[in-house]
2 protein chains.
Amino acid sequence: MVGIADVARAAGVSKATASRALTGSGYVSDSTRERVLQTAASLGYVASTAAVSLATGKTQNVGVVMPYISRWFFAEVLEGIQDALLRHGYDLTLYDARPGTDGRRRVFEDFLARKRFDGLIAVGLEPSDNELERLIAVGRPLVSVVGPSSDTSTIGLDDLHAARRATEHLVELGHTRIAFVGGGGQHWAHVDHMRLVGYQQTMADAGLAPMHVFSPVSLPGGYAAAVDLLGDVRRRPTGIVGTCDEVAIGAIIAARRLGLPVPSSLSVVGIDNHEYADMFSLTTLEQQPHAQGTQAAEMLLRQLREPNTPIIELRLHATLIVRNSTAPPTGVPSAAVGAAGATGAG
Amino acid sequence: MVGIADVARAAGVSKATASRALTGSGYVSDSTRERVLQTAASLGYVASTAAVSLATGKTQNVGVVMPYISRWFFAEVLEGIQDALLRHGYDLTLYDARPGTDGRRRVFEDFLARKRFDGLIAVGLEPSDNELERLIAVGRPLVSVVGPSSDTSTIGLDDLHAARRATEHLVELGHTRIAFVGGGGQHWAHVDHMRLVGYQQTMADAGLAPMHVFSPVSLPGGYAAAVDLLGDVRRRPTGIVGTCDEVAIGAIIAARRLGLPVPSSLSVVGIDNHEYADMFSLTTLEQQPHAQGTQAAEMLLRQLREPNTPIIELRLHATLIVRNSTAPPTGVPSAAVGAAGATGAG
DNA sequence: TTGTATGCGTTATCAA
DNA sequence: TTGATAACGCATACAA
């Protein structure tokens with residue numbers, strides 16, 4: 001391999017000068033810098049990351065810890081993070097920490113302790129007390145996406161707000177029998193819970209009775225839950241708030257299978273703006289996981305550059321995208337006002 | 001930080017002995033080994049990866065290059081790779097190389113050249129000549145999943161075989177008007193092409209006329225293509241082979257929307273066994289991307305241990321999973337034999 | 001079985 | 001503005 005010594009020799013300077021020219025730090029005359037850069041390029045010189053890390057203490061690498069990789073939200077966030085890091089010349093080391101697995105234990109006990117990174121991004125991790133402790137003990141800047149904001153910078157959707165807006169949308173359309181489908185996840189629990197609370201608050205504010213149907217946070221989960229819910233004519237709502245788009249889409253598919261046209265017989269609203277939302281004409285509250293990932297990475301990189309950057313918490317407000325899965329309930333004219341008395345109507 | 005010198009001092013041995021005890025290489029008496037390990041643990045000693053890399057030339061890290069992260073197949077493979085690497089104590093550095101992006105260029109030009117890994121796994125990369133050249137030039141063991149098998153170990157589905165089996169399934173059921181939906185991807189092109197060819201071969205073998213409908217390789221893509229295809233009554237087939245499950249599921253959704261019951265009016269078969277396949281009762285040819293990722297990682301790790309491991313190419317045969325999206329065409333009784341003359345029947 | 005000494009490829013300190 | 005030299009933290013050849 002060609003090292004900095006080779007470059008220095010070929011350029012007729014010392015290793016020290018070559019290093020200064022290549023890293024851009026310290027005084028070097030323009031002419032020699034140019035010469036060093038030229039010879040380095042012609043020799044195909046690439047600095048050994050191991051040697052650089054050893055000498056500087058920096059790795060030019062960022063660790064990303066997430067409980068799932070293949071779920072839509074996580075995969076999108078990961079892409080966003082990768083985008084930003086790539087632009088800044090940082091590598092990305094991925095740590096998969098599925099809840100309850102032995103791998104997760106090893107990630108926290110062994111892998112993180114190696115500190116092969118300058119900083120850490122935790123995505124939707126929901127760490128236990130012990131895990132959080134270890135995370136902090138690593139002693140590197142930490143940014144979390146959808147995570148507990150204790151002492152670390154955080155970015156994430158305002159879930160309470162999103163669920164409120166989703167529910168309000170149905171209320172404003174005149175719906176009174178509105179069910180919330182979700183809230184059944186063991187993990188992803190905090191987000192799911194906040195959305196349920198947002199729904200409940202809005203229902204209470206509107207003087208409506210809440211109806212909560214548990215569902216795993218997935219498309220098949222939403223499908224199954226909705227089949228159950230919609231199959232019973234007496235319980236059947238006219239509107240459904242899905243805890244996320246996958247659940248909402250599952251509900252739409254269930255409704256179609258049961259012969260319930262959407263939105264004329266059933267309105268469905270989700271949260272996410274999932275890549276399939278458009279295809280199902282799903283009205284939803286948009287969050288942009290890709291952008292969240294990018295922002296998280298940039299927050300972290302800033303902390304690496306300027307260690308005194310204050311810790312910030314970013315709560316994003318989702319915006320409502322109205323498509324064709326929501327409409328006034330049957331019997332209610334387009335104007336939404338004055339539908340209050342219809343509570344008992346089938 | 002606590003270094004090996006601290007451990008050595010505390011244990012009353014030299015750095016060399018401490019190193020031997022900790023790495024497990026070279027002669028150390030059981031008693032001192034035990035003592036060193038104990039003190040290392042009590043001091044919370046963790047070797048500096050940078051120093052180890054510099055001294056040994058090994059990184060204990062594997063690079064993974066893939067064009068997409070958030071697509072089902074890639075995300076699953078990635079999880080499988082991560083699983084295996086984690087078990088063996090290897091880190092995973094991820095390189096996103098979306099076709100046509102500036103990031104991809106930088107990955108090949110800058111990031112790979114840094115060689116921050118002992119080996120590389122390329123997933124569905126479809127590298128250009130120039131890119132392939134750089135990949136080889138890295139000079140590290142390379143395993144590819146769904147990739148060109150020139151000089152490198154490869155693992156991947158036998159796409160020709162899978163498409164043949166899918167098509168044969170419909171032929172055996174008695175279908176004669178069978179369309180292939182797919183073959184429209186710019187990227188993912190090789191796989192898509194092989195599946196098309198497998199379909200075409202089987203149709204030719206059966207003496208049937210092929211019908212190819214272009215579609216992007218995605219659920220919405222399959223949906224749109226199927227809406228087009230099924231909307232025209234005169235062209236309408238009784239069977240559809242989707243180039244993958246997402247396309248096939250898109251077709252099922254399209255059929256339902258058009259009031260065509262599946263499988264009584266239309267049979268659909270896919271390739272993948274996607275996580276949504278079960279929910280849509282999709283008959284499909286199963287491949288297991290997670291397992292492919294795990295195997296790829298293990299093949300690579302073996303090459304790292306035993307550099308003379310021969311290059312191998314693993315072509316996996318998908319197995320047919322029959323669910324409820326396929327049935328004999330209307331008018332054809334359960335026995336599939338003797339349906340040959342019905343070519344022109346609507 | 002253990003200790004000494006050297007090298008891995010850079011950066012950083014200090015003199016020149 | 002440049003050069004000699006000492007870290008950086010560990011593994012290992014060699015000597016003991």
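Letters go in sequence order (proteins before strands), and every chain restarts at 1.
A donor-acceptor contact under 3.5 angstrom links the side chains of B/His290 and B/Asp83, judged on distance only.
Of the candidates A/Leu142, A/Ile311, A/Val143, A/Ile312, A/Leu142 is the only one forming a side chain to side chain contact (heavy atoms under 4.5 Å, CB included) with A/Thr152.
Along DNA chain C, the nucleotide closest to B/Ser29 and the one closest to A/Ser48 are compared, and the more 5′ of them pairs with B/Ser29.
Side-chain atoms of A/Gln292 never come within 3.5 Å of backbone atoms of A/Val145 as a donor-acceptor pair (strictly under, hydrogens ignored). Side chain of B/Ser19 to backbone of B/Lys15: no donor-acceptor contact under 3.5 angstrom is found. Remark: side-chain polar atoms of A/Arg104 are paired, donor with acceptor, to backbone N or O of A/Ala97 under 3.5 angstrom.
A/Val46 comes within 4.0 angstrom of the backbone, heavy atoms only, and of no base. Counting any heavy atom pair closer than 4.0 Å across all strands shown, B/Thr32 reaches sugar-phosphate atoms only and no base atom.
Rounding to the nearest 0.5 angstrom, the gap separating the CG atom in B/Asp96 from the CD atom in A/Glu79 is 5.5 Å. From B/Asp102, atom CG reaches atom CD of B/Glu109 across 8.5 Å, with rounding to the nearest 0.5 Å. Atoms CG and CG, on A/Leu316 and A/Asp158 in that order, are 8.5 Å from each other to the nearest 0.5 Å. Note that the CD1 atom of A/Ile81 and the CG atom of A/Leu86 stand 13.0 Å from one another [nearest 0.5 Å].
Residues that satisfy the ring-ring contact (aromatic ring centres under 6.0 Å, His included) test with B/Phe73, not counting sequence neighbours, are B/Trp188.
Rounded to an integer number of Å, the gap from A/Asp6 CG to C/dC8 C1' is 14 Å. Rounded to an integer number of Å, the gap from B/Arg116 CZ to C/dG9 P is 17 Å. In this structure, CG of B/Leu54 is placed 4 Å from C1' of C/dC8, rounded to the nearest angstrom.
For the contact set between residues 300-307 of chain B and DNA chain D, defined by any heavy atom under 4.0 Å, there are no members.
Taking the 5' to 3' direction, DNA chain D first and last meets chain B under 4.0 angstrom from a heavy atom at D/dG9 to D/dA13.
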So which protein nitrogen or oxygen atoms get under 3.5 Å of nucleotides 11-16 of chain C's nitrogens or oxygens?
unit_1, atom_1, unit_2, atom_2, d
C/dT11, OP2, A/Ser19, OG, 2.5

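Taken over five-pair windows at either terminus, the axes of the helix from C/dT1-D/dA16 to C/dA16-D/dT1 are inclined to one another by 40° (rounded to 10 degrees).
Looking at B/Arg116 and B/Asp91, no side-chain N of the basic residue comes within less than 4.0 Å of a carboxylate O on the acidic one, giving no salt bridge. Salt-bridge annotation for A/Glu298 and A/Arg87: present, with a side-chain N of the basic residue lying under 4.0 Å from a carboxylate O of the acidic one.
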Counting only pairs under 3.5 Å, give me each side-chain donor-acceptor contact of residues 3-11 of chain B, with atom names and distances, residues two or more places apart or in other chains.
unit_1, atom_1, unit_2, atom_2, d
B/Asp6, OD1, B/Arg9, NH1, 3.4
B/Asp6, OD2, B/Gly3, N, 2.6

